[in-house]
J.: 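Here it is: the structure, laid out below.
Read the numbers this way: they start at 1 and go in the same order the structure lists the ligands and their atoms.
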Amino acid sequence: MINYNEPMLKDGALEGKNIIVTGGGSGLGKTMTRYFLQLGAKVVITSRNLEKLQKTAQELSGETGGEVLALRCDVRHYDEVEQMLHEAIKKLGKINGLVNNAAGNFISPTERLSAHAFDTIIDIVLKGSKNATLALGKYWIKEQIKPSTILNIVTTYAWTGSAYVVPSATAKAGVLAMTRSLAVEWAKYGIRSNAIAPGPFPTKGAWDRLLPGELKEKFDPAKKIPLKRVGEHQELANLAAYLMSEYAAYINGEVITIDGGEWLYGAGEFNQLEKIPAEMWDMLEQMIKNRKK
Ligand code: HXC
Ligand code: NAP
């Protein structure tokens, strides 16, 4: 029997794909990059920290034998994105995929935030995704590069909202709206646009910021997931590689949730009844039936 954390697609599934992964030097971006390389893609990884990117590039090309290019780029600045794209095209010939994965986030009561703090998250997540999407879209349309694909990494609170991470929720909701809007508008140019909404996948970047210190034990995310575990990186990489590949050529404008049922658990009116022990149900049933009589 196959295991859920095994690589899923067949060899060469991403051959001919040259993909930019923003925030590709660490966390989920690094995991996706590794699998894209294993499947034959060439990958450009970008973030603010060139040293980290170069280390990751060296590690992943050694591991997979694939071609990975490290380019510094702060996605908040459109001119840096354009420059990065220019370099990427020069080195790889063309680019036909984009994963908007770079993000910034921290927990805080909203009223404690300075205007600059709020802006910082909006700028990385919403403006950063817009910058990369706009630069790539203009290039693809002008040069008639197709098929090409955008994949945005959002979160489930893009549609539910979430207290204490309001700038991130606001920005991710914008990215989700952009995903669906461009799926329609740019389909005529051969550009697909999709999103993934992950639940908790342990990474240093997200978890040390969102669950610092003893919060990790207090709010163990696995406890509020119906499947009773957090996600494994390969599961997310499988989904991302599928959506970037031509196997998903008819999937456009979709957001796929991969969270073990987490957000629905929080949403269903009576989901908390799960805490009722089995032996109590006989008594409850009797009580309810007696009322009817
Ligand atoms: C309140 C804070 C703060 C905090 C920073 N600020 N941290 N305010 N609480 N914890 C304020 C600062 O005081 C400053 O405002 C403004 O935010 C900018 O801070 P800088 O440190 O100057 O910003 P910068 O160096 O650009 O760093 C950006 C960052 C940082 C977002 C603050 O955390 C970062 O680099 N993050 C990148 C990686 C990341 O966050 N990964 C997590 C992704 S997880 P003032 O007014 O003082 O100038 C995710 C979803 C997970 O996205 C969902 C899980 C289910
Ligand atoms: P992470 O390791 O902190 O990744 C964020 C990446 O973004 C880092 O590589 C960072 O690199 C880069 N980045 C931040 N600001 C940037 C900027 N201004 N310009 C360019 N790059 C920038 O966190 P992660 O957990 O892997 O998160 C990856 C994605 O998954 C994010 O979109 C996040 O919202 C989403 N997500 C994660 C989880 C989870 O449980 N892990 C759940 C839901 C959604 P530098 O610091 O080098 O710039």
J.: Residue-level breakdown please: for Thr22 versus ligand 2, do any non-hydrogen atoms fall below 4.0 Å on the side chain, on the backbone, on both, or on neither?
T.: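 Neither; no heavy atom under 4.0 Å.
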
J.: Looking only at N/O atoms, are Gly23 and ligand 2 under 3.5 Å apart anywhere?
T.: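 There is such a contact, yes.
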
J.: Hey, does Glu262 sit under 4.0 Å from ligand 1 if you only count heavy atoms?
T.: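 In this structure, Glu262 fails to qualify as a contact of ligand 1 - no heavy atom is under 4.0 Å.
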
J.: Measure from atom 40 (O) of ligand 1 to every heavy atom in Thr155, Asp259, Asn105, Thr120 and give the option owning the shortest one.
T.: Asn105

J.: Using a strict threshold of under 4.0 Å (side-chain N to carboxylate O), is an ion pair present between Glu87 and Lys91?
T.: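 A salt bridge is present here (some side-chain N lies under 4.0 Å from a carboxylate O).
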
J.: Determine whether the side chain, the backbone, both or neither of Pro198 has a heavy atom under 4.0 Å from any heavy atom of ligand 2.
T.: both

J.: Under a heavy-atom criterion of less than 4.0 Å, does Phe201 contact ligand 1?
T.: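 Flag not set, Phe201 not near ligand 1.
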
J.: Among all protein heavy atoms in this structure, tell me which lies nearest to atom 14 (C) of ligand 2, with the distance rounded to 0.1 Å.
T.: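 Here the closest protein heavy atom is Ala103 O, 3.3 Å.
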
J.: Around Lys138, counting heavy atoms of other residues, nucleotides and ligands shown, do more than 12 lie under 6.0 Å from its NZ?
T.: no

J.: In the protein, which heavy atom is nearest to atom 39 (C) of ligand 2, and how far is it?
T.: Phe201 O, 3.4 Å

J.: Look up atom 33 (O) of ligand 1 and tell me if a protein heavy atom lies less than 4.0 Å from it?
T.: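 Given the 4.0 Å cut-off, atom 33 (O) of ligand 1 counts as touching protein heavy atoms.
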
J.: Atom 34 (O) of ligand 2: which protein heavy atom is closest, and how many Å away?
T.: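 For this ligand atom, the closest protein heavy atom is Lys172 NZ, 2.8 Å.
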
J.: Quick one: nearest non-hydrogen protein atom to atom 35 (O) of ligand 1, plus distance?
T.: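 Scanning the protein heavy atoms, the shortest distance from atom 35 (O) of ligand 1 goes to Arg48 NH2, 2.8 Å.
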
J.: What part of Leu28, side chain, backbone, both or neither, has a heavy atom within less than 4.0 angstrom of ligand 2?
T.: both

J.: What protein heavy atom sits nearest atom 18 (N) of ligand 2, and how far off is it?
T.: Asp74 OD1, 2.9 Å

J.: When you measure from atom 48 (O) of ligand 1 to every protein heavy atom, which one gives the shortest distance, and what is it?
T.: His116 ND1, 2.7 Å

J.: If we set the cut-off at 4.0 Å for heavy atoms, which region of Ser114 has an atom near ligand 1: side chain, backbone, both, or neither?
T.: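 The answer is the side chain.
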
J.: Where is the nearest protein heavy atom to atom 31 (C) of ligand 2: which residue, which atom, and how far?
T.: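 Heavy-atom neighbour on the protein nearest atom 31 (C) of ligand 2: Asn101 O, 3.1 Å.
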
J.: Starting from atom 9 (O) of ligand 2, which protein heavy atom do you reach first, and at what distance in Å?
T.: Ser26 OG, 2.8 Å

J.: What do we get for Cys73 next to ligand 2 when only non-hydrogen atoms under 4.0 Å count, side chain, backbone, both or neither?
T.: backbone

J.: Taking side chain to side chain donor-acceptor pair (under 3.5 Å) as the criterion, tell me which of Asn252, Thr133, Asn100, Asn152 meets it with Thr179.
T.: Asn152

J.: Arg112 near ligand 1, heavy-atom distance under 4.0 Å?
T.: no

J.: For ligand 2, find out whether one of its N or O atoms is nearer than 3.5 Å to an N or O atom of Lys52.
T.: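 N/O-N/O distance below 3.5 Å exists for this pair.
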
J.: Hey, which of Gln54, Glu80, Gln83, Glu51 is the one that makes side chain to side chain donor-acceptor pair (under 3.5 Å) with Arg72?
T.: Glu80

J.: Please list the nearest protein heavy atom to atom 47 (O) of ligand 2 with its residue and the distance rounded to 0.1 Å.
T.: Ser47 OG, 2.6 Å

J.: Which heavy atom of the protein is the closest neighbour of atom 25 (O) of ligand 2, given with residue, atom name and distance?
T.: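 Looking only at protein heavy atoms, the one closest to atom 25 (O) of ligand 2 is Thr203 OG1, 2.6 Å.
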
J.: For this output row, return yes or no: ring centroids of Trp186 and Trp140 closer than 6.0 angstrom.
T.: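 No; Trp140 has its ring centre 6.0 Å or more from that of Trp186.
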
